[in-house]
Amino acid sequence: MSENSATPESGPAAQPGPAAEPGPAAEPPPVSAPASAPGLGTDADTAHPGERPGQDATAAVSAPVSASAPAHQQVSRPTPKAMFPDGTGPAADPAGSHHERRIRSFQPRRSRVSPGQADALRRLWPQWGLDIDGLSRIDLDQLFEGRPVVLEIGFGMGEATAQMAAADPDTGILACDVHTPGQGNLLGLAERNGLSNIRVANGDAIILLREMLAPASLAGLRVYFPDPWPKKRHHKRRLIQPEFLSLVTTRLAPGALVHCATDWEPYAEQMLEVLSAEPTLANEYSGYAPRPDFRPFTKFEGQGLDKGHVVHDLLFRRLPA
């Protein structure tokens with residue numbers, strides 16, 4: 001996973017531009033979002049994710065599963081139903097079957113897309129959205145009009161992402177998730193608040209990093225409250241793993257900031273251990289970091305604090321090559 005596959009040097013997957021002029025809001029009944037990425041992993045007992053809802057990090061974290069593996073190791077790949085068959089919104093399975101199967105750190109969940117979210121997706125996706133198909137290299141300079149770009153993996157409903165984009169309009173945020181209602185909500189927030197520095201990526205962040213982003217092209221990485229996968233047999237699904245960092249650090253420019261946050265103590269300990277062991281990263285603090293002002297207080301954070309959890313932030317800096 002740390003090796004970088006060659007990718008076609010074609011144009012960007014999506015073009016920047018101003019938000020479309022709001023038209024009359026269509027009011028179709030709410031619809032169910034499709035399972036917008038391939039299925040889970042190799043074990044039958046992993047049919048359910050960590051015991052908390054939403055905001056799964058959208059990435060795969062383990063070695064490929066061979067297509068010739070025994071039946072009990074095969075990954076189920078149901079055919080997703082297209083919610084936007086006319087191509088005006090995020091694809092149900094953007095990478096299709098042309099990428100290898102892997103144990104994934106996320107599980108797309110069916111949930112209802114409101115009329116407003118569906119309207120935002122149909123109108124704004126052609127300008128501010130991109131599908132992670134793994135077929136072409138993204139020109140971040142063109143996509144974000146020359147801004148430095150931070151990749152955020154797993155943004156939930158996008159409220160914190162929109163707040164950070166508003167507070168720092170000179171930084172672009174490439175926000176990656178598979179949650180269709182959240183994608184629509186974030187696009188709607190961007191339009192209403194005039195945030196031209198947000199692009200929404202739909203699909204697997206591993207394919208995005210490996211196939212579609214150039215080396216040293218990112219100014220930062222944000223992973224806030226990813227699924228902790230608390231059961232021991234599910235730990236292999238956690239996003240922050242050595243293999244993931246070996247890949248992502250090749251896409252970080254020198255000085256880029258890696259910022260993780262979690263309210264799950266055992267996962268915080270794993271994050272600190274794994275990040276500290278990555279030779280291309282340096283901890284900004286002696287251990288956990290104080291909560292930085294630029295990270296907004298999130299709904300997930302509040303839910304964790306209400307349960308007596310302690311929130312840990314980790315801030316690591318990419319060293320010069």
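Below, all heavy atoms of this structure are taken into account, side chains as well, without hydrogens, waters or symmetry copies. Residues: numbered from 1 along the sequence shown.
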> Would you say the side-chain atoms of Gln183 and Asn202 include a donor-acceptor pair closer than 3.5 Å?
Replying inline: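 Yes - a donor-acceptor pair under 3.5 Å links their side chains.
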[X] to [Y] - nearest heavy-atom pair and separation:
X      : Y      : value
Ala261 : Pro226 : O-CD, 3.6 Å
Pro181 : Met157 : O-CE, 3.9 Å
Gly182 : Phe155 : O-CE1, 3.6 Å
Asp177 : Gly156 : OD2-N, 3.2 Å
Ala190 : Trp128 : CB-CZ3, 3.6 Å
Phe144 : Gly172 : CD2-CA, 3.5 Å

>> Test of understanding: with side chain to side chain donor-acceptor pair (under 3.5 Å), list the residues that count as partners of Asn283, not counting sequence neighbours.
In response: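 Side chain to side chain donor-acceptor pair (under 3.5 Å) list for Asn283, sorted by chain: empty.
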> Tyr224 and Thr298: side chain to side chain contact (heavy atoms under 4.5 Å, CB included), yes or no, with the steps?
Replying inline: CA-CA 9 Å; Tyr224 297 155; Thr298 69; 5.6 Å; no
> Trp229 ring centre to Arg237 NZ or CZ under 6.0 Å, with the angle to the axis within 45°?
Replying inline: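 Judged by the rule, Arg237 and Trp229 form a cation-pi pair.
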> Who passes salt bridge (Lys or Arg N to Asp or Glu O under 4.0 Å) against Arg291, sequence neighbours left out?
Replying inline: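 For Arg291 the salt bridge (Lys or Arg N to Asp or Glu O under 4.0 Å) partners, ignoring immediate neighbours, are Glu301.
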> What residues, two or more places apart in sequence or in another chain, satisfy salt bridge (Lys or Arg N to Asp or Glu O under 4.0 Å) together with Glu284?
Replying inline: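 If we apply the salt bridge (Lys or Arg N to Asp or Glu O under 4.0 Å) test to Glu284, skipping adjacent residues, the hits are Arg317.
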Using only atom types and a distance under 3.5 Å, with no angle test, would you say the side chain of [X] pairs donor to acceptor with the backbone of [Y]?
X      : Y      : answer
Arg251 : Arg210 : yes
Asn197 : Ala165 : yes
Asp131 : Ala91  : yes
Ser217 : Leu213 : no
Gln241 : Arg238 : yes
Asn193 : Leu195 : no

Should [X] and [Y] count as side-chain neighbours, where that means a heavy-atom distance under 4.5 Å?
X      : Y      : answer
Val200 : Leu130 : no
Cys176 : Glu152 : no
Ile206 : Phe244 : yes
Leu135 : Met212 : no
Leu247 : Thr249 : no
Arg295 : Arg222 : no

Say whether [X] and [Y] are linked into one hydrophobic cluster, either directly or through other cluster members, by side-chain heavy-atom distances under 4.5 angstrom.
X      : Y      : result
Val310 : Tyr267 : no
Leu257 : Ile173 : yes
Leu189 : Ile198 : no
Val150 : Leu314 : no
Leu143 : Ile153 : yes

Once you round to the nearest 0.5 Å, how far does [atom1] of [X] lie from [atom2] of [Y]?
X      : Y      : atom1 : atom2 : answer
Glu191 : Leu186 : CD    : CG    : 12.0 Å
Met164 : Thr171 : CE    : OG1   : 11.0 Å
Glu145 : Ser196 : CD    : OG    : 6.0 Å
Gln127 : Arg199 : CD    : CZ    : 9.0 Å
Thr250 : Arg318 : OG1   : CZ    : 8.0 Å
Lys231 : Arg233 : NZ    : CZ    : 4.5 Å

> In terms of heavy-atom contacts, does CG of Asp293 have more than 12 from other residues, nucleotides or ligands at under 6.0 Å?
Replying inline: no
> Between Asn185 and Glu159, does a side chain to side chain contact (heavy atoms under 4.5 Å, CB included) hold up when you go through it step by step?
Replying inline: CA-CA 8 Å; Asn185 197 61; Glu159 291 92 345; 3.9 Å; yes
> Stepwise, does the salt bridge (charged side-chain N to carboxylate O under 4.0 Å, His left out) test hold for Arg147 with Asp170?
Replying inline: CA-CA 6 Å; Arg147 298 179 178 95; Asp170 293 330; 5.5 Å; no
Result block: side-chain N/O donor-acceptor pairs under 3.5 angstrom for residues 271-278, not counting sequence neighbours:
from	atom 1	to	atom 2	distance (Å)
Ser276	OG	Leu272	O	2.6
Glu278	OE2	Thr280	N	3.2
Glu278	OE2	Thr280	OG1	2.7

> Are Leu218 and Leu140 close enough, and set up right, to give a side chain to side chain contact (heavy atoms under 4.5 Å, CB included), and what steps lead you there?
Replying inline: CA-CA 9 Å; Leu218 294 173; Leu140 291 179; 4.0 Å; yes
> What's the verdict on side chain to side chain contact (heavy atoms under 4.5 Å, CB included) for Thr262 and Asp313, showing C-alpha distance, side-chain angles and the deciding distance?
Replying inline: CA-CA 7 Å; Thr262 181; Asp313 285 83; over 6 Å; no
> Taking only residues two or more places apart in sequence, or in another chain, which ones meet His312 in a ring-ring contact (aromatic ring centres under 6.0 Å, His included)?
Replying inline: Tyr288
>> For Phe294, give me all partners under ring-ring contact (aromatic ring centres under 6.0 Å, His included), at least two apart in sequence or on another chain.
In response: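 Listed in chain order: His259.
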